[in-house]
Amino acid sequence: MIKRIIIGSDHGGFNLKGEIISHLQQKDYEIIDLGCNSAESCDYPPIAKAVAKEVLETNTCGILVCGTGIGMSITANRFDGIRASHCTDTFTARMTRMHNDSNILCLGERITGAGLALDIVDIWLNTEFEGGRHQKRIDMI
Ligand code: RB5
């Protein structure tokens with residue numbers, strides 16, 4: 001089970017990031033928060049890049065939150081080896097672990113309420129990659 005999570009947000013995802021951190025700390029996850037550190041306006045690309053690099057270097061997984069989740073996913077997916085999944089429902093969160101071996105979850109605070117977002121986080125963290133034909137397809141990316 002993954003126990004170390006690299007997390008980041010811009011101002012648009014700052015409040016939801018806080019809810020996710022509290023939720024995961026209660027479950028004994030180790031959280032590495034790479035910013036931002038307040039709800040003051042900031043740019044999402046540097047945060048997405050820092051989280052993507054740390055996920056690759058430590059071979060762990062990450063969560064990125066912005067207003068929509070889209071800017072974070074576009075940026076993180078520029079990195080070879082990152083499979084960032086923008087999820088707004090639990091089915092997608094489960095499937096992107098099972099079939100895509102997703103290693104970064106992207107959420108949008110302005111889209112997804114905290115209750116659903118925390119369910120998405122739990123399902124994404126607790127679903128295993130199926131491997132097999134799906135690994136072959138990932139190798140083709
Ligand atoms: C910030 O206003 C917003 O553009 C950002 O949080 C994100 O939604 C970008 O994709």
Side-chain angles (χ1 to χ4, degrees), residues 1-139 141:
M1 184 178 164
I2 298 162
K3 276 293 190 181
R4 188 167 187 267
I5 313 291
I6 318 300
I7 196 163
S9 77
D10 70 353
H11 60 289
F14 182 70
N15 291 320
L16 179 56
K17 179 179 71 172
E19 301 241 19
I20 294 168
I21 290 172
S22 303
H23 177 73
L24 293 179
Q25 282 175 336
Q26 284 168 24
K27 294 173 182 264
D28 292 331
Y29 283 89
E30 180 193 356
I31 308 296
I32 311 295
D33 183 2
L34 299 184
C36 62
N37 301 312
S38 79
E40 194 177 323
S41 182
C42 65
D43 302 319
Y44 62 81
I47 305 285
K49 290 179 182 180
V51 168
K53 285 179 185 170
E54 188 66 15
V55 165
L56 289 170
E57 279 168 19
T58 60
N59 193 29
T60 180
C61 72
I63 298 175
L64 284 166
V65 194
C66 62
T68 60
I70 295 170
M72 289 297 197
S73 62
I74 289 172
T75 309
N77 277 317
R78 298 292 292 265
F79 288 78
D80 195 8
I82 291 295
R83 294 172 299 281
S85 306
H86 178 229
C87 296
T88 57
D89 63 89
T90 54
F91 178 79
T92 310
R94 183 178 298 107
M95 294 307 292
T96 198
R97 285 289 310 130
M98 289 167 64
H99 287 192
N100 311 123
D101 198 17
S102 168
N103 53 8
I104 293 185
L105 171 66
C106 299
L107 294 164
E109 178 179 325
R110 297 173 187 159
I111 298 177
T112 308
L116 175 57
L118 296 181
D119 275 356
I120 289 171
V121 166
D122 284 344
I123 286 170
W124 187 80
L125 286 173
N126 290 295
T127 304
E128 295 294 325
F129 177 48
E130 282 184 348
R133 69 187 188 282
H134 302 297
Q135 182 61 57
K136 184 183 116 210
R137 291 165 185 163
I138 286 171
D139 293 342
I141 293 174

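- Other residues, nucleotides and ligands place no more than 12 heavy atoms under 6.0 Å from the CG atom of N59.
- Rounding to the nearest 0.5 angstrom, the gap separating the CZ atom in R94 from the NE2 atom in H99 is 11.5 Å.
- Between K49 and F79 the shortest side-chain heavy-atom distance falls below 4.5 Å.
- Put simply, OG1 on T90 and CH2 on W124 are 15.0 Å apart, with the number rounded to the nearest 0.5 Å.
- Rounding to the nearest 0.5 Å gives a distance of 8.0 Å between CG of D10 and OG of S41.
- A heavy-atom distance below 4.5 Å is not found between the side chains of I47 and L34.
- Contact record, V55 with G62: CG2-N, 3.6 Å, taken as the closest heavy-atom pair.
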Stepwise side chain to side chain contact (heavy atoms under 4.5 Å, CB included) check, I32 with T58: CA-CA 12 Å; I32 311 295; T58 60; over 6 Å; no

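- Checked by atom type and distance alone, the side chain of E109 pairs as donor or acceptor with a backbone atom of N15 at under 3.5 Å.
- Taken to the nearest 0.5 Å, the CZ atom of F129 stands 11.0 Å off from the OG atom of S102.
- Residues M72 and V65 share a closest heavy-atom pair of CE-O, 3.6 Å.
- At distances below 3.5 Å, not a single donor-acceptor pair connects side-chain atoms of K17 with backbone N or O atoms of D33.
- One distance of note links NE2 of H86 with CG of L107; it measures 7.5 Å at 0.5 Å rounding.
- Proximity of a side-chain donor or acceptor of N103 to a complementary backbone N or O of G81 within less than 3.5 Å is detected.
- Across all their heavy atoms, D89 and I120 have their closest contact at N-CD1, 3.5 Å.
- The closest side-chain donor-acceptor pair between N77 and S73, if any, does not fall under 3.5 angstrom.
- Of all heavy-atom pairs spanning L125 and C61, the tightest one is CD2-SG, 4.0 Å.
- In terms of heavy-atom proximity, A117 sits nearest to L16 at CB-CD1, 3.8 Å.
- Nearest heavy atom pair, residue L118 against residue E19, reads CD2-O, 4.0 Å.
- One distance of note links CG of L105 with CZ of R97; it measures 10.5 Å at 0.5 Å rounding.
- A salt bridge (Lys or Arg N to Asp or Glu O under 4.0 Å) with D101 is found for exactly one of K136, R83, R137, namely R83.
- In this structure, the side chain of T96 does not engage the main chain of T92 through any donor-acceptor pair within 3.5 Å.
- Contact check for L64 versus T75: no side-chain heavy atoms found under the 4.5 Å cut-off.
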